[in-house]
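This is a predicted model, so every value here is computed, not measured. Numbered from 1 within each chain, the chains take letters A, B, ... in sequence-line order. These values consider heavy atoms only, across backbone and side chains, with no hydrogens, waters or symmetry-generated copies.
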Protein chains: 2
Amino acid sequence: MDGKTEGFESWAYCSNSALRRATRQLGQLYDDVLAPSGLKATQYGLLSQIHFNGNPSLKSLADGLVMDLSALGHTLKPLIRDGLLELVPDEKDRRVKRAGLTEIGVEKWQEAHLLWREAHSRFDNAFGEEESAALRNAMNRIASPDFAKTFVADPAKGGGSAS
Amino acid sequence: MDGKTEGFESWAYCSNSALRRATRQLGQLYDDVLAPSGLKATQYGLLSQIHFNGNPSLKSLADGLVMDLSALGHTLKPLIRDGLLELVPDEKDRRVKRAGLTEIGVEKWQEAHLLWREAHSRFDNAFGEEESAALRNAMNRIASPDFAKTFVADPAKGGGSAS
DNA sequence: TCATTATAGTGGCATATACCACTAAATTTT
DNA sequence: AAAATTTAGTGGTATATGCCACTATAATGA
């Protein structure tokens, strides 16, 4: 770690950086496959969650995505602007807004979904089906509140100040 | 996958989305640990790469990070503005600019590095040391040019058009 | 019921990251 | 060597994402 270690894989030593690097690469790969639909992989993901969760509130969507609520609001804007999504105020609780696909949104999602399946199978084939499933498990584990709790509370040695 | 499957883990089925979700979570966790240094985890990562690679050109840095060159340029700006980094034109090839830590940059990096070690050990403890190493391997594999090549060329069934 | 507090969203600002068009400089062709 | 091509960076624009301050509304407590 002294800057002159020849074989030292500087890109690989940090879990967080490694994750981001892989995410950039994979995002690129998925984006390319989804490109014909005009959607980015992130946008397909957003539409999918809204689709699968049936008009979720922004809050629950943000929680599920482990994303900041305001960040979610921002990322939804282009999709709303393009008429794929709409926000509907909840009847019971007027603070709440529910996201839903428009007709165009559903069509676009279906179109993108076909491309996504191609990307998905490419990934599984390139990475290995089992490894792929294991990877998703690992990712879900990291994204779980439980993991965050363990990470934060970790009483391990390493300088964890108790204050 | 029809929207009403109760137990369906909608957040988990897509490798790309799963990766992003985990990346958001982990980024948050690392950011919190690094916060006292005033650096985000991404910025610590940038400084580290520059530190470990000894004044790399922006191009080689971008390649190593699997990042778009212009994106790299943009993310470096705040660090340059804050005096942690500087870009020095290469002598031999006047197209090239090399990034280097300033004195302040080195100090800041050292400060952040201590915090990073804490985050690193927390992650290892929470996720498991071996799983952690395996994860970094998996991430590095995905980030490798080889993987991208395989992904793109994949002749698997699923609609891969040969054109 | 009224004041306090908690919850859901919005808007502004900042960083992270990509694409495109453009410039400058080096490399390759002819 | 002049022209064509490739390479390295920059600046603009757009999406992705986080924090903070602020608003509206609901839930709680005195």
Describe the nucleic acid contact of A/Asp68 in one word from base, sugar-phosphate, nothing, applying a heavy-atom distance below 4.0 Å.
-> base

Starting from C1' on D/dA21, measure out to CG on A/Leu69 and report it in whole angstrom.
-> 14 Å

Separation of D/dA8 atom P from B/Arg98 atom CZ, nearest Å, is 11 Å

Result for 5'-nearest mapping on DNA chain D, choosing between A/Leu76 and B/Asp32, is A/Leu76

Phosphate OP1/OP2 of C/dA14 contacted by B/Lys77 side-chain N/O (<4.0 Å) = no

From D/dA16, C/dT17, C/dA26, nucleotide with atom closest to B/Ala71 side chain = C/dT17

Heavy-atom donor-acceptor pair, A/Arg95 side-chain to C/dT7 base, under 3.5 Å | yes

Nearest listed nucleotide, side chain of B/Thr42, among C/dA16, D/dT15, C/dG9 = C/dA16

Hey, is the side chain of A/Thr75 poking within less than 4.0 Å of OP1 or OP2 on D/dT15, counting only N and O atoms?
-> no

Calculate the interatomic distance between A/Leu72 atom CG and D/dC19 atom C1'; express it in whole Å.
-> 15 Å

Pick the nucleotide of DNA chain C nearest each of A/Ser60 and B/His74; which residue has the one closer to the 5' end?
-> A/Ser60

Separation of atom CZ in B/Arg21 from atom P in D/dA16, rounded to whole Å | 18 Å

State whether a side-chain donor-acceptor pair under 3.5 Å links B/His120 with A/Tyr13.
-> no

Quick one: B/Leu79 CG to C/dA14 P, roughly how many Å, whole number?
-> 15 Å

Please state whether the phosphate of C/dT10, meaning OP1 or OP2, lies under 4.0 angstrom from any side-chain nitrogen or oxygen of A/Lys97.
-> yes

Toward the 5' end of DNA chain C, which comes first, B/Val66 or B/Arg81, by nearest nucleotide?
-> B/Arg81

For B/Lys92 and C/dA24, give me the distance from atom NZ to atom P, rounded to whole Å.
-> 24 Å

Taking OP1 and OP2 of C/dA16, is either one under 4.0 Å from a side-chain nitrogen or oxygen of A/Arg24?
-> no

State whether the side chain of A/Gln43 and the backbone N or O of A/Lys40 hold a donor-acceptor pair below 3.5 Å, judged by distance alone.
-> yes

From B/Leu79 atom CG to B/Ile104 atom CD1, the distance as rounded to the nearest 0.5 Å | 12.5 Å

May I have the step-by-step check of side chain to side chain contact (heavy atoms under 4.5 Å, CB included) for B/Trp11 and A/Val66, ending in yes or no?
-> CA-CA 10 Å; B/Trp11 322 102; A/Val66 190; over 6 Å; no

Could you check which of D/dA26, D/dG12, C/dA25 has an atom nearest any side-chain atom of A/Arg94?
-> D/dA26

To the nearest angstrom, the CG-P distance between A/Leu85 and C/dG9 comes to 14 Å

When rounded to the nearest 0.5 Å, the distance separating OG of A/Ser57 from CG of A/Asp63 is 7.5 Å

For B/Leu19 and D/dT17, what is the distance between atoms CG and P respectively, to the nearest whole Å?
-> 12 Å

Could you tell me whether A/Arg95 and A/Asp93 have a side-chain N and a carboxylate O separated by less than 4.0 Å?
-> yes

Heavy-atom nearest nucleotide on DNA chain D taken for B/Ser57 and for B/Gln28; more 5' hit belongs to B/Ser57

